[in-house]
Amino acid sequence: MTASSIAIVNAYVVPVAGDPIEKGTVIVEDGTITSVGPASEVVVPDGVRVVDASGKWVLPGFVEAHGHVGIHEEANGPAGDDTNEMTAPNTAAVRAIDAVNIDDEGFRDALAGGVTAIVVKPGSGNPIGGQTVALKSWGGRTIDEQVIKESVSVKSALGENPKRVYGGKNQTPSTRLGVALIIREAFVEAQNYAAARAEAERDGKPFARDLGKETLARVLDGELVWDQHTHRHDDIATALRLADEFGYKLVVNHGTEAHKIADVLAERDIPVIFGPMFTSRSKVELRDRAIANLARIAAAGVRVAITTDHPVVPINFLVHQASLAVKEGLPRETALEALTVNPASFLGLDDRVGALKPGLDGDLVVWSGDPLDVNSRAELVVIDGAEVYRWEDGAGHVVERAERFA
C-alpha cells in the first residue's frame with residue numbers, strides 16, 4: 001500500500017452524514033475512504049498502517065466556507081494582503097488562486113483546528129470581487145496540487161464596504177443604490193455577451209473573449225455560486241431580489257441580521273454561511289451581532305455553515321465558534337453539520353469532502369474527545385490518507401513539505 005493508506009480503529013466515529021459508531025473503523029486506501037463501520041464489520045487490508053484511536057473521536061476534516069488564508073497572509077502586513085483588487089467596482093475576472101501563498105502560517109493553524117478544506121475568497125471591497133477557490137489545507141508542492149475545485153463561486157458584496165471604498169474615491173458606487181446598480185448592469189452585460197457568443201458560435205464567426213463577462217455567464221448558467229457578503233436584513237433582501245432577477249444560485253455570507261428574515265430564507269432554501277462570531281461591533285452593520293442569532297436562523301429551517309473569515313478570527317477557532325453557538329442554543333448535530341456536510345453541499349464540494357463515507361477524499365481528524373468540548377484537541381490530521389499534523393510531546397507538529405517531498 002502507498003503512504004496515503006491508513007486505518008483508524010477502535011474510535012468513536014462520527015461520520016456526520018450518518019449515525020455515530022462505537023468502536024468504529026475508518027479505512028483510507030490510496031487517498032480515498034473505502035470503509036466506515038463497526039470494527040466487527042470492517043476488515044483492515046494487509047499492509048495498511050493502523051492507528052489505534054481507543055477513547056478518541058474521529059470526524060471528517062472541517063470545511064472553512066469563507067476564508068482569506070494565503071491571500072491575506074498573517075504577519076506580513078500590506079505586502080501579504082492581496083484580498084481586494086479595489087481598482088474597479090467589478091473585478092469578476094480576478095481569481096483568488098493567483099494570490100495564494102502556500103506557506104502562509106494560516107494553513108498550519110487550520111490543521112491545528114482540524115480544518116482540512118478551505119474556500120478562499122476575495123474580500124468585500126468591491127460589489128463584484130472575483131472567483132473563489134477550494135483548497136486542501138496542506139500537502140502540495142504548489143498550491144495547484146491542493147486544489148479541490150479551481151472555481152467555486154464569485155464573491156460579491158453589498159452594504160457598507162463597497163460604499164466606503166468607492167464613496168471615498170468620489171465615484172460610483174457611493175450608495176446602496178449604486179452597489180446594486182453595478183451588479184445589475186454587470187449581469188445584463190453578461191447576458192448580452194452570452195447571447196452574442198452563442199450567435200457567433202452558431203454562425204462560425206470569431207468572437208472576442210471577455211474574462212469578466214465569461215465568469216458572470218458561468219454564474220448565470222448555474223456553474224458557479226454567487227457568494228453574497230451581506231450583514232443587514234435589508235441588504236439580504238436586495239440579494240434575494242437580484243437573485244430572483246437573474247436566476248443564479250445565492251449563498252448568503254455573514255448574515256448578521258439573517259435572523260430577522262429567517263423565515264423568508266427558509267422558504268427559498270437560501271443557505272447562510274454565518275460569522276465570524278468572535279468580533280466586536282466594529283461598524284453599523286454589526287450592531288445586532290450575536291452568537292445566538294445562528295441558533296435563531298437554524299431554528300427557522302435555514303441550512304447553515306460557520307465561518308471564521310480568517311484572519312478576522314483565527315481559523316483554528318472555527319470549532320470554538322461552533323461550541324459557543326451550541327451554548328447559545330444551536331443543536332450540537334447542526335453545529336457539526338455546519339462545520340462539514342453543509343458548507344460542502346452549499347459550495348458543490350460534497351463529492352469530495354465534508355463527511356466520512358466511502359468514495360470521498362481521505363480527510364479526517366482524530367480528536368482527543370468531543371471536538372465541541374473546548375478541552376479537546378486535534379491529535380492527528382489526515383489529508384488524502386497522508387498524516388499532515390500530529391500532537392505529540394505537548395506540541396503540535398506539522399509535517400512540512402520538506403519532510404513529505406524530500
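Quick note: numbers below take in every heavy atom, side chains included, and nothing from hydrogens, waters or symmetry partners. If you read the sequence from its start, that first residue is 1, and numbering goes on from there.
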Legend entry - Whether Ser4 side chain and Gly385 backbone form a donor-acceptor pair below 3.5 Å: no
Inset, instruction - Kindly indicate whether the side chain of Leu380, heavy atoms from C-beta on, has any atom under 4.5 Å from the side chain of Glu387. - result: yes
Legend entry - Main-chain N/O of Val304 paired with Asn342 side-chain donor or acceptor, under 3.5 Å: yes
Inset, instruction - For Thr132 and Ser153, indicate whether the former's side chain and the latter's backbone hold a donor-acceptor pair under 3.5 Å. - result: yes
Inset, instruction - For the residue pair Thr116 and Ser137, confirm or rule out a side-chain donor-acceptor distance under 3.5 Å. - result: no
Inset, instruction - Walk me through it: do Ile183 and Ile128 pass the test side chain to side chain contact (heavy atoms under 4.5 Å, CB included)? - result: CA-CA 7 Å; Ile183 296 170; Ile128 303 176; 4.2 Å; yes
Inset, instruction - Drop me the distance from Thr83's OG1 to Ile71's CD1, to the nearest 0.5 angstrom. - result: 5.0 Å
Legend entry - Check: Val252 main-chain N/O paired with Gln228 side-chain donor or acceptor under 3.5 Å: no
Inset, instruction - Test Lys121 against every option in Thr307, Asp227, Asp309 by the side chain to side chain donor-acceptor pair (under 3.5 Å) rule and name the one that passes. - result: Asp227
Inset, instruction - Could you tell me which non-hydrogen atom of Val312 sits nearest to which non-hydrogen atom of Pro276, and how far apart they are? - result: CG1-CG, 3.7 Å
Inset, instruction - Evaluate salt bridge (charged side-chain N to carboxylate O under 4.0 Å, His left out) for Glu379 paired with Lys56, printing each intermediate quantity in order. - result: CA-CA 9 Å; Glu379 294 192 342; Lys56 305 183 188 304; 3.0 Å; yes
Inset, instruction - May I ask you to decide whether Asp235 forms a salt bridge with Arg241, counting only side-chain N to carboxylate O separations under 4.0 Å? - result: no
Legend entry - Nearest non-hydrogen partners of Leu339 and Ala322, listed with the distance: CD1-CB, 3.8 Å
Legend entry - Neighbour count >12 (heavy atoms, 6.0 Å) for atom NZ, Lys283: yes
Inset, instruction - Identify whether the distance between the nearest side-chain nitrogen and carboxylate oxygen of Asp363 and Arg352 falls below 4.0 Å. - result: no
Inset, instruction - Determine, stepwise, if the pair Glu285 / Arg176 fulfils salt bridge (charged side-chain N to carboxylate O under 4.0 Å, His left out). - result: CA-CA 13 Å; Glu285 291 179 341; Arg176 282 179 164 80; 3.4 Å; yes
Legend entry - Expected output: side-chain Ser376 to main-chain Asp370 donor-acceptor under 3.5 Å: yes
Inset, instruction - Give a yes or no on whether the backbone of Ser5 and the side-chain of Glu29 come within a donor-acceptor separation of less than 3.5 Å. - result: no
Legend entry - Side-chain heavy-atom pair Asp81, Asn76 within 4.5 angstrom cut-off: no
Inset, instruction - Output yes when a side-chain donor or acceptor of Ser124 lies under 3.5 Å from a complementary backbone atom of His229, and no otherwise. - result: no
Legend entry - Thr91 vs Glu85, side chain to side chain donor-acceptor pair (under 3.5 Å): CA-CA, chis, key distance, verdict: CA-CA 7 Å; Thr91 56; Glu85 179 59 45; over 6 Å; no
Inset, instruction - Give a yes-or-no answer on whether the side chains of Tyr248 and Asp221 include a donor-acceptor pair shorter than 3.5 Å. - result: no
Inset, instruction - May I have the step-by-step check of side chain to side chain contact (heavy atoms under 4.5 Å, CB included) for Phe274 and His254, ending in yes or no? - result: CA-CA 5 Å; Phe274 188 83; His254 304 307; over 6 Å; no
Inset, instruction - Drop me the distance from Asn293's CG to Leu330's CG, to the nearest 0.5 angstrom. - result: 12.0 Å
Legend entry - Phe107/Trp138 aromatic ring centres below 6.0 Å: no
Legend entry - Close aromatic pair by centroid cut-off 6.0 Å: His231 and His233: no
Inset, instruction - Given salt bridge (charged side-chain N to carboxylate O under 4.0 Å, His left out), test Arg108 with Glu400 step by step and report yes or no. - result: CA-CA 9 Å; Arg108 296 179 178 86; Glu400 298 289 346; 3.1 Å; yes
Legend entry - Residue pair Asp104 / Gly70: nearest heavy atoms and the distance that separates them: OD2-N, 2.7 Å
Legend entry - Straight-line distance of Glu64 CD to Asn316 CG, nearest 0.5 Å: 11.0 Å
Inset, instruction - Measure centre to centre between the rings of Phe187 and Trp226, then say whether the value is under 6.0 Å. - result: yes
Legend entry - Any side-chain heavy-atom pair of Trp367 and Leu59 under 4.5 Å: yes
Inset, instruction - Check the angle between the aromatic planes of His68 and His66 and answer parallel, tilted or perpendicular using the 30° and 60° thresholds. - result: perpendicular
Legend entry - Pairwise distance CG(Asp351) to CD1(Ile148) - rounded to 0.5 angstrom: 10.0 Å
Inset, instruction - Report yes or no: does Asp52 contribute a side-chain atom to a donor-acceptor pair with the main-chain N or O of Val50 at less than 3.5 Å? - result: no
Legend entry - N-O pairing of Arg164 and Glu160 below 4.0 Å: no
Legend entry - Non-hydrogen side-chain atoms of Val365 and Tyr389 separated by less than 4.5 Å: no
Inset, instruction - Salt-bridge test for Asp288 and Arg281: reply yes if a basic N is under 4.0 Å from a carboxylate O, no otherwise. - result: no
Legend entry - Rounded distance [0.5 Å steps], CZ in Arg289 versus OG in Ser282: 9.0 Å
Inset, instruction - Write down the atom of Val341, the atom of Ala355, and the distance for their closest heavy-atom approach. - result: CG1-CB, 3.8 Å
Legend entry - Non-hydrogen atoms of Arg209 and Leu211 that approach each other most closely: NH2-CD2, 3.7 Å
Legend entry - Non-hydrogen side-chain atoms of Gln131 and Ile97 separated by less than 4.5 Å: no
Inset, instruction - Applying side chain to side chain contact (heavy atoms under 4.5 Å, CB included), run through Val225 and Phe346 and close with a yes or a no. - result: CA-CA 8 Å; Val225 171; Phe346 300 167; over 6 Å; no
Inset, instruction - Kindly indicate whether the side chain of His310, heavy atoms from C-beta on, has any atom under 4.5 Å from the side chain of Phe317. - result: no
Inset, instruction - Side-chain contact test, heavy atoms from C-beta onward, threshold under 4.5 Å: evaluate it for Leu265 versus Leu240 and give yes or no. - result: yes
Inset, instruction - Grab the two heavy atoms, one from Val44 and one from Ala7, that are nearest each other, plus how far apart they are. - result: CG1-CB, 3.8 Å
Legend entry - Atom NZ of Lys169 with >12 non-hydrogen neighbours under 6.0 angstrom: yes
Inset, instruction - May I ask you to say whether Glu150 pairs ionically with Arg95, meaning some side-chain N is under 4.0 Å from a carboxylate O? - result: yes
Legend entry - Electrostatic pair Glu145:Lys136 at N-O distance under 4.0 angstrom: no
Inset, instruction - Could you give me the CA-CA distance, side-chain angles and deciding distance for Val319 and Val374, then say whether side chain to side chain contact (heavy atoms under 4.5 Å, CB included) is met? - result: CA-CA 8 Å; Val319 67; Val374 295; over 6 Å; no
Inset, instruction - For Lys249, look at atom NZ and say whether over 12 heavy atoms of other residues, nucleotides or ligands are found less than 6.0 Å away. - result: yes
Legend entry - Validation row: Val179, Pro162 side chains within 4.5 angstrom (heavy atoms): yes
Legend entry - Gap between atom CG of Leu242 and atom OG of Ser156 - 0.5 Å precision: 8.0 Å
